[in-house]
Trainee: 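First, the structure itself, so that you have it in front of you.
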Amino acid sequence: TQSFGLMGNYGISQKLNVIFNIPYVTTKASAGTMHGMRGIQDLSLMLKYRPINKKINNARLAVYGIAGGSIPVTNYVADFLPLSIGLKSKTAIARLMVDYYYNSKWFATASATYVYRSNINIDRNSYYTDELILSNEVAMPNATTFNIRAGYRTQWWIAEAVLNNWTTQGGFDITRNNMPFPSNRMNATSLGVNLKYVFKKAPNLALTGGANNTIAGRNTGQSFTANGGVFYVFNLNKKEKKTGK
């Protein structure tokens, strides 16, 4: 699977940000007769608010609340796992994040998220979970996730280790001799690293990269993933210089 996308972060104030993401996903089968899929997946839109930013001796403690959701933006096929580009469910997300920053260098961040997922419709009028269902509507289980990351962070460098977990709150296991299904129980824990470098001579420009590996899971592939990206900050609040007469 490959994913390319457009991601943005607009600062409304020092405490409030708007974040959006829209990925283009490509899947490909390594063998067999099944074909991969490609296309624009889901548009995500988040509000990130920081109610607490407190200095404690040589450290700083910040608390963030994040809320938002996602909607599919194309009519892709969800019932074609593991080669579909998404699950086609509308989501609503609530997240709490705590960040501890020590001596302007070392940090630890923990977050927990609850994901509400809407039902989806598939292109058949019956399917089997742990019972036969005569409908084209699939009830999607909600999910929770937690994330722990720690490492080194300055104005120019970020190097961190990341532990991430996704757990569905319900669903069922993949049935024998069958393909995965959108409402399967899909649990996964991954461990990885991330890097970010900001150019000193061009501080608006940054490079990112990382990798992670699935270390535990249920109805989820044991996969290794790598990523890279380019970020550029546009200053939309530049004040014009006043000139005297």
Side-chain angles (χ1 to χ4, degrees), residues 1-11 17-30 36-46 48 50 60 62 64 66 68 70 82-86 93 95 97-113 115 145-166 186-217 220-236:
T1 301
Q2 293 180 327
S3 177
F4 305 91
L6 179 64
M7 181 179 180
N9 184 347
Y10 179 73
N17 286 19
V18 177
I19 303 168
F20 72 89
N21 182 40
I22 182 166
Y24 183 91
V25 180
T26 302
T27 64
K28 182 180 179 181
S30 59
M37 307 184 78
R38 64 179 61 193
I40 299 174
Q41 193 202 59
D42 303 340
L43 170 65
S44 300
L45 186 65
M46 304 284 180
K48 181 179 179 182
R50 185 185 64 191
R60 184 171 295 276
Y64 299 85
I66 302 165
S70 68
L83 294 172
S84 59
I85 65 171
I93 298 170
R95 177 180 302 156
M97 182 168 65
V98 179
D99 180 74
Y100 182 79
Y101 193 31
Y102 177 73
N103 202 25
S104 299
K105 292 181 180 180
W106 308 102
F107 78 96
T109 305
S111 65
T113 308
V115 183
T145 178
F146 70 81
N147 178 285
I148 300 172
R149 56 185 68 219
Y152 179 82
R153 184 172 73 202
T154 67
Q155 181 181 359
W156 311 111
W157 277 101
I158 297 177
E160 62 181 12
V162 183
L163 177 68
N164 192 67
N165 174 270
W166 169 279
M186 299 180 191
N187 302 340
T189 301
S190 64
L191 184 64
V193 294
N194 289 323
L195 296 171
K196 180 180 180 181
Y197 174 69
V198 178
F199 291 88
K200 291 184 179 180
K201 293 185 178 181
N204 287 18
L205 180 64
L207 299 179
T208 65
N212 67 78
N213 189 57
T214 304
I215 59 175
T220 305
Q222 187 175 5
S223 61
F224 172 83
T225 64
N227 66 83
V230 178
F231 284 82
Y232 189 84
V233 178
F234 295 92
N235 188 353
L236 302 179

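All values reported here derive from a predicted model rather than from experimental measurement.
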Trainee: Are I40 and I22 close enough that some pair of their side-chain heavy atoms sits under 4.5 Å apart?
Mentor: yes

Trainee: With rounding to the nearest 0.5 angstrom, report the OG1 to CZ distance, T27 to R38.
Mentor: 9.0 Å

Trainee: So, for Q222 and T214, which heavy atoms are closest and what is the spacing to 0.1 Å?
Mentor: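 In terms of heavy atoms, the two residues are closest at CG-O, 3.5 Å.
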
Trainee: Do N147 and T113 have side chains that get closer than 4.5 Å, going by heavy atoms?
Mentor: no

Trainee: In terms of ring plane angle, is the pair Y152 and W106 parallel, tilted or perpendicular, where the classes change at 30° and 60°?
Mentor: perpendicular

Trainee: For P23 and D42, which heavy atoms make the closest approach, and how far apart are they?
Mentor: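 Nearest heavy atoms, P23 then D42: CD-O, 3.2 Å.
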
Trainee: When rounded to the nearest 0.5 angstrom, what is the spacing between OH in Y102 and CZ in R60?
Mentor: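 One gets 14.5 Å once the value is rounded to the nearest 0.5 Å.
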
Trainee: CG of L191 to CG of N165: how many Å apart, nearest 0.5 Å?
Mentor: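 So the CG of L191 and the CG of N165 are separated by 12.0 Å.
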
Trainee: State, to 0.1 Å, how close A159 and F107 come at their nearest heavy-atom pair, and which atoms those are.
Mentor: O-CE2, 4.5 Å

Trainee: Would you say N9 and F231 make side-chain contact, with heavy atoms under 4.5 Å?
Mentor: no

Trainee: Enter the distance from R50:CZ to Y64:OH here, rounded to the nearest 0.5 Å.
Mentor: 5.0 Å

Trainee: Just by distance, no angles: are the side chains of S44 and N21 close enough, under 3.5 Å, to form a donor-acceptor pair?
Mentor: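 Their side chains do not contain a donor-acceptor pair, so the 3.5 Å distance test is not met.
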
Trainee: Can a side-chain donor-acceptor contact be found between S190 and N164 if the only test is distance below 3.5 angstrom?
Mentor: no

Trainee: Could you give the distance from CZ (R95) to OG1 (T145), rounded to the nearest 0.5 Å?
Mentor: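 One gets 7.5 Å once the value is rounded to the nearest 0.5 Å.
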
Trainee: Hey, are the side chains of N194 and N227 touching, using non-hydrogen atoms and a 4.5 Å cut-off?
Mentor: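 SC-SC contact between N194 and N227 confirmed.
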
Trainee: Using only atom types and a distance under 3.5 Å, with no angle test, would you say the side chain of N204 pairs donor to acceptor with the backbone of V233?
Mentor: yes

Trainee: State, with a plain yes or no, whether a side-chain heavy atom of K196 is found less than 4.5 Å away from one of L207.
Mentor: no

Trainee: Could you tell me if the side chain of L163 sits less than 4.5 Å from the side chain of R149, heavy atoms only?
Mentor: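 A side-chain contact is absent here, since even the closest heavy-atom pair is not under 4.5 Å.
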
Trainee: Establish, yes or no, whether a centroid distance under 6.0 Å links the rings of Y197 and W157.
Mentor: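 Judged by ring-centre distance (under 6.0 Å), Y197 and W157 do meet the cut-off.
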
Trainee: How many angstroms lie between OG in S223 and CG in N213, if you round to the nearest 0.5 Å?
Mentor: 7.0 Å

Trainee: With a 4.5 Å limit on heavy-atom distance, are the side chains of I148 and V162 in contact?
Mentor: no

Trainee: Could you check whether any side-chain N or O of S70 sits under 3.5 Å from a backbone N or O of L43, counting only pairs where one atom can act as donor and the other as acceptor?
Mentor: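 No, because the side chain of S70 does not come within donor-acceptor range (under 3.5 Å) of the backbone of L43.
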
Trainee: Would you say M46 and V18 make side-chain contact, with heavy atoms under 4.5 Å?
Mentor: no

